[in-house]
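Presented below is the structure to which this report refers.
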Amino acid sequence: MRRTHYCGELRRGHAGARVTLCGWVHRRRDHGGLIFIDLRDREGLIQVVFNPAVDTQTHALAHDLRSEYVIEVSGTVAARPEGTVNPNLPTGEVEVAASALTVLSEAETPPFEVEGEAEVGEALRLKYRYLDLRRPSLQRILRLRHVAAQSIRGFLNARGFIEVETPMLTKSTPEGARDYLVPSRVNPGVFYALPQSPQLFKQILMVAGIDRYYQIARCFRDEDLRADRQPEFTQIDLEMSFVDREDIWSLMEEMLVAVFREASGITVATPCPRMSYAEAMARFGTDKPDTRFGMELADVGPLVRGAGFKVFAQALEQGGEVKGICAPGMAGASRKELDDLTEFAKGFGAKGLAWMKVAAEGIDTPITKFFKPEEASAIVHAMGGKSGDLLLFVADKSPIVAETLGRLRLHLAGKLRLIPEVRYDFLWVTDFPLLEYDEAEKRYTAMHHPFTAAMDEDIPLLESSPLKVRAKAYDIVLNGTEIGGGSIRIHRQDLQERMFERLGIGPEEAKAKFGFLLEALQYGAPPHGGIALGFDRLVAILVGVESIRDVIAFPKTQKAVCPLTDAPSPVTRDQLKELHIKMDL
RNA sequence: GGGGGCGUAGUUCAGCCGGUUAGAACGCUGGCCUGUCAAGCCAGAGGUCGCGGGUUCGAGCCCCGUCGUCCCCGCCA
């Protein structure tokens with residue numbers, strides 16, 4: 001080993017020690033006589049002084065040092081002279097008086113400053129990711145990610161979980177996201193798929209009697225990207241046998257407590273609150289409520305039913321809802337602001353937005369003539385409106401009301417700065433519907449996935465009123481972000497077949513696509529359930545960044561391209577020929 | 001597939017109503033400088049204004065197209 005210490009670890013106590021350091025030239029301050037270098041390695045910065053009085057030749061060599069040169073420096077650690085201590089640096093009380101210098105690697109001037117704090121375009125950062133990753137902020141994130149992963153492993157290991165790797169080359173499945181396909185050279189014309197998740201394998205591991213499985217698993221989905229969605233991402237995936245939902249919930253709560261404490265020193269209060277899907281939709285208009293602030297949706301249907309306002313009355317007559325939210329202190333909103341909010345609302349399918357401004361002297365609203373004064377004040381009262389508040393209403397079919405007001409709630413809370421920054425609100429959302437109806441395809445689809453068990457008491461409704469069937473499915477939500485979801489699975493073959501039938505997957509197709517699972521369920525499957533947590537999202541929240549790209553070492557752009565490697569890229573004719581693949585572009 | 005933002009020096013940006021030679025800061029190069037740490041001072045280099053077309057006497061600026069990038073909708077069991 002060339003080095004004796006890391007740059008960042010030197011302290012006053014090292015004074016007098018002869019050390020050899022290796023690292024990158026972070027910054028050079030050349031005074032002609034004296035030359036100062038900030039030398040950087042992964043542990044931090046240390047000031048190195050090149051003084052001709054110490055070694056003339058070494059001082060002369062240091063003249064040619066440039067940013068990001070990789071060097072080896074030997075010298076003596078010395079307490080800094082009076083008045084030259086740098087309190088901004090952990091190593092600021094000492095410096096290294098260099099007596100020998102070797103340039104291990106010269107470096108081109110980097111395309112952006114590794115040292116600089118200035119925001120650099122992401123495309124450039126990703127192309128030169130190795131430079132970007134040198135920056136202390138990203139080094140910190142990668143290490144925190146590592147600590148979080150190790151914390152999770154330690155926690156699950158201690159509770160008897162076995163980490164099992166499942167195949168990356170697996171079978172394409174019809175449900176869910178688009179698969180990444182991999183051709184098979186030895187089997188012309190057929191394809192593997194990269195896993196969207198290890199779902200089926202972990203269930204089969206339960207049939208295999210593993211009892212408790214986990215994996216920090218890479219997953220692949222060929223869908224369009226977002227700030228929180230990459231084509232390959234990492235899940236904390238686990239499954240347990242002989243458990244109920246509560247077992248999973250309490251286990252996950254303990255695990256989150258451990259991870260947040262060990263990775264970031266954050267205390268998570270448990271047990272986490274639980275809320276049914278129905279309640280979440282009613283109160284927050286979304287299945288992943290951000291509970292860090294109020295502004296909940298208020299149902300004013302009963303109060304406006306009798307009033308003369310046609311828009312409201314019609315929505316109710318057609319089985320819809322009239323709900324509103326109260327935007328505190330926004331009574332001063334201008335015509336333009338209200339128009340903008342209306343446009344925002346229309347973006348989610350609402351036909352419009354009704355509003356009331358609450359003032360000390362009364363209520364200001366364009367729909368005033370439709371309400372008697374006492375009706376209007378009953379509405380204000382029901383919504384907790386105070387003088388200076390703005391009430392916003394949407395009347396429509398229930399899903400549109402929920403979506404519009406839910407989005408409006410988040411939009412306004414952001415604008416009004418109502419969301420506390422340093423707060424971690426966990427929430428279990430439970431009792432999801434088992435099925436949704438796909439209008440386009442005219443069939444039912446699984447809301448979670450086709451292997452999710454129904455609530456026992458709802459099973460009889462599977463054929464008669466499928467949309468009323470609740471699932472033993474749950475999501476864990478943190479600050480309005482879904483960070484994980486899971487369910488108790490179907491462990492009986494007859495029920496699994498019934499589910500496929502309900503989903504319009506015929507016996508033939510079920511056998512072709514999932515025959516191995518159905519067969520496994522015939523050989524003694526334990527009741528089981530599990531969960532998968534989005535590890536990237538979790539880390540992003542832990543370090544406080546918006547995009548999961550910032551917590552992935554080598555992420556892809558929105559077009560799913562890797563600017564560093566230029567993947568995906570063309571392949572040779574010979575490669576394609578060997579795979580029996582012809583292009584049709 | 002759709003909506004929106006951005007694209008000017010190595011980087012981050014400014015660039016007025018379309019008008020002469022496109023600027024700033026940082027970085028870079030050279031020089032001076034023995035206590036700096038965002039070192040300082042002096043000098044200098046550096047531009048296909050993403051690309052293509054159009055309008056115009058004249059385009060970084062206006063129009064059309066296109067590419068890249070970011071945000072969002074759709075999509076993501």
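Reminder, nothing fancy here: chain letters follow the sequence lines and each chain counts from 1.
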**Request:** Give a yes or no on whether a donor-acceptor pair under 3.5 Å exists between the nucleobase atoms of B:C76, that is its base, and the side chain of A:Arg229.
**Result:**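 Check passes, donor-acceptor contact within cut-off.
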**Item:** Between C1' of B:A38 and CG of A:Leu89, the distance in whole Å
**Value:**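 Atom-to-atom, A:Leu89 to B:A38, this comes out as 13 Å.
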**Between B:G27 (P) and A:Leu124 (CG): distance, integer Å** =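 Taking CG of A:Leu124 and P of B:G27, I get 18 Å after rounding.
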**Message:** Closest approach to the side chain of A:Arg549, judged atom by atom: which nucleotide of B:G1, B:U69, B:C70 is it?
**Reply:**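 Nearest to the side chain of A:Arg549 among the choices is B:C70.
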**Residue A:Phe112, side-chain atoms from C-beta onward, closest of B:C37, B:U11, B:C26** =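 It is B:U11.
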**Request:** By nearest nucleotide on RNA chain B, pick out whichever of A:Arg407 and A:Gln558 is the more 5' one.
**Result:**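 Checking each residue's closest nucleotide, the 5'-ward one belongs to A:Gln558.
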**Item:** 5' priority, RNA chain B, between A:Ser547 and A:Thr445 [closest heavy atom]
**Value:**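 Upstream on the strand: A:Ser547.
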**Item:** A:Lys556, NZ atom: more than 12 neighbouring heavy atoms under 6.0 Å
**Value:**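 Enclosed.
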**Cationic tip of A:Arg417 above A:Phe293 ring, under 6.0 Å, 45° of axis** =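 Pair A:Arg417/A:Phe293 does not count as cation-pi.
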**Item:** Under-4.0 Å salt bridge between A:Arg221 and A:Glu223
**Value:**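 Here A:Arg221 does not pair with A:Glu223 in a salt bridge, since their nearest N and O are not under 4.0 Å apart.
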**Prompt:** Are A:Asp458 and A:Arg470 within salt-bridge range, i.e. N to O under 4.0 Å?
**Reply:**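 Salt bridge present between A:Asp458 and A:Arg470.
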**Request:** Would you mind building the protein contact string for nucleotides 28-35 of chain B? One character per nucleotide, 5' to 3', B for base within reach (heavy atoms under 4.0 Å), S for sugar-phosphate only, - for untouched.
**Result:** SSS--BBB
